[in-house]
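A short worksheet on the structure shown next.
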Amino acid sequence: MKVRVYFCKEPDIQSEILRNNKISRQALDTVYNLVWESEFKNIVNVGKIWLKFIEEEKSPFGIALRKKRNHSKISPGDIIQISNDFYIVHEIGARKIEVND
């Protein structure tokens, strides 16, 4: 199971995505930076990924974050991708969103 975490580089866009619960693939590639990627053999849920990014100071699951990012911790508006499902981070937890091609 492949897991990716994207950090938003445009804070003004975050509120729009949070409101609409959908984003296009082009906007995902343009507005977000892929900062972390890993493959898990076991099933993980979005809550566990979110908690690790909130709690860990340096690198969640022992894998370092990529250098190209606007902030150091996961924040509302960032996106977690688990397999083909996308989740947008809120203050507490994450909610599934639709990604249009």
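- Residues that satisfy the side-chain contact (heavy atoms from CB on, under 4.5 Å) test with Asn100, not counting sequence neighbours, are Lys22, Glu98.
- Residues that satisfy the ring pair (Phe, Tyr, Trp, His ring centres under 6.0 Å) test with Tyr6, not counting sequence neighbours, are absent from this structure.
- Two residues are said to be in side-chain contact when any heavy atoms from C-beta on lie closer than 4.5 Å; Ile79 and Val99 fail this criterion.
- When all heavy atoms are compared, the tightest approach of Ile80 to Val5 is CG1-CG2, 4.4 Å.
- A pairwise comparison of heavy atoms in Tyr32 and Gly77 identifies OH-O, 2.5 Å as the closest pair.
- In this structure, CD1 on Ile74 lies 9.5 Å from CG on Leu65, to the nearest 0.5 angstrom.
- In this view, Lys2 and Arg4, Glu37, Glu39 satisfy the side-chain contact (heavy atoms from CB on, under 4.5 Å) rule, not counting sequence neighbours.
- Within a 6.0 Å sphere centred on CD1 of Ile63, heavy atoms belonging to other residues, nucleotides or ligands number more than 12.
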Distance-only check: which donor-acceptor pairs under 3.5 Å involve side-chain atoms of residues 46-56, not counting sequence neighbours?
none

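- One finds the OG atom of Ser75 at 8.5 Å from the CD atom of Glu91 (value rounded to the nearest 0.5 Å).
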Side chain to side chain contact (heavy atoms under 4.5 Å, CB included) between Ile23 and Ile97, intermediate numbers included
CA-CA 8 Å; Ile23 187 172; Ile97 62 168; 3.8 Å; yes
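- Heavy atoms only, all atoms of each residue included: Ser83 and Met1 are closest at OG-CG, 3.7 Å.
- The ring pair (Phe, Tyr, Trp, His ring centres under 6.0 Å) check on Phe61 picks up Trp36, Phe40, with sequence neighbours excluded.
- Remark: the backbone N or O of Gln26 is not paired with any side-chain donor or acceptor of Asp29 at under 3.5 angstrom.
- With sequence neighbours excluded, the residues forming a salt bridge (charged side-chain N to carboxylate O under 4.0 Å, His left out) with Lys96 are Asp85, listed by chain and number.
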